[in-house]
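Numbering of residues begins at 1 and proceeds along the displayed sequence. If you're wondering where the values come from, they're calculated on a predicted model, not measured in any experiment.
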Amino acid sequence: MQKAGYPLLVHDMRKTAADPYLAERAAWAEAPEGVARKADVVVTSLPGPPEVEGPRVRRQGHARWRPARVGLFDLSTNSLAVVKRSHAAFAERQAHMLDAPAGGGPAGDASGKLALWISGDEAIFKKHEKVHAAIRSGPLYQTDRFRYHREAGP
């Protein structure tokens with residue numbers, strides 16, 4: 001995204017993980033809610049369901065601080081149950097979440113050749129198409145929500 005010219009505001013539990021982006025002039029947010037207050041699009045990439053629903057997320061999590069104008073792309077390796085709970089929490093706040101698990105690893109990230117399996121509201125998908133186009137090589141969009149997960153299979 002940064003290579004495509006998007007300004008980044010980043011946060012990570014380990015600030016050193018953000019060093020490559022900060023070295024390229026990304027701005028640092030001290031807490032996750034600082035990102036959501038200023039961003040039009042939030043991209044999360046967490047290791048798995050425990051981190052997505054962990055204590056810090058419950059305390060400062062996206063379902064609590066998300067303004068309705070922001071779209072969230074969650075690239076985390078997640079479970080179908082967590083995605084459904086997250087989506088419901090966003091919907092209660094008239095906010096939008098797109099589940100977008102990514103494949104390609106660090107090499108795909110560095111080359112801009114990630115594969116994204118995106119599901120959720122099609123209008124939000126289309127609204128932010130240029131943003132996710134900056135990090136993937138050909139998204140797969142499914143209109144039937146949350147189809148692409150480990151439990152359901154591709």
Hey, which of Thr44, Ile124, Val41 is the one that makes side chain to side chain contact (heavy atoms under 4.5 Å, CB included) with Leu72?
-> Thr44
[X] side, atom [atom1]; [Y] side, atom [atom2] - distance, nearest 0.5 Å:
{"X": "Met97", "Y": "Phe73", "atom1": "CE", "atom2": "CZ", "answer": "11.0 Å"}
{"X": "Tyr21", "Y": "Asp12", "atom1": "OH", "atom2": "CG", "answer": "9.5 Å"}
{"X": "His96", "Y": "Lys127", "atom1": "NE2", "atom2": "NZ", "answer": "6.5 Å"}
{"X": "Asn78", "Y": "Lys84", "atom1": "CG", "atom2": "NZ", "answer": "12.5 Å"}

Search all heavy atoms of [X] against all heavy atoms of [Y] and return the closest pair with its distance.
{"X": "Gly120", "Y": "Leu98", "answer": "CA-CD2, 3.5 Å"}
{"X": "Leu116", "Y": "Ala100", "answer": "CD2-O, 3.9 Å"}
{"X": "Pro20", "Y": "Thr16", "answer": "CD-O, 4.1 Å"}
{"X": "Ala18", "Y": "Val10", "answer": "CB-CG2, 3.8 Å"}
{"X": "His128", "Y": "Asp40", "answer": "CE1-O, 4.0 Å"}
{"X": "Ala102", "Y": "Trp117", "answer": "C-CZ3, 4.0 Å"}

Run the side-chain contact (heavy atoms from CB on, under 4.5 Å) check on Met1 and Val43 step by step: do they pass?
-> CA-CA 10 Å; Met1 290 174 62; Val43 177; 4.0 Å; yes
Is a side-chain N or O of His132 found less than 3.5 angstrom from the main chain of Ile118, in a donor-acceptor match?
-> no
Side chain of Gln2, backbone of Pro7: donor and acceptor closer than 3.5 Å?
-> no
Does a side chain donor of either Ser76 or Asp74 reach within less than 3.5 Å of an acceptor in the other side chain?
-> yes
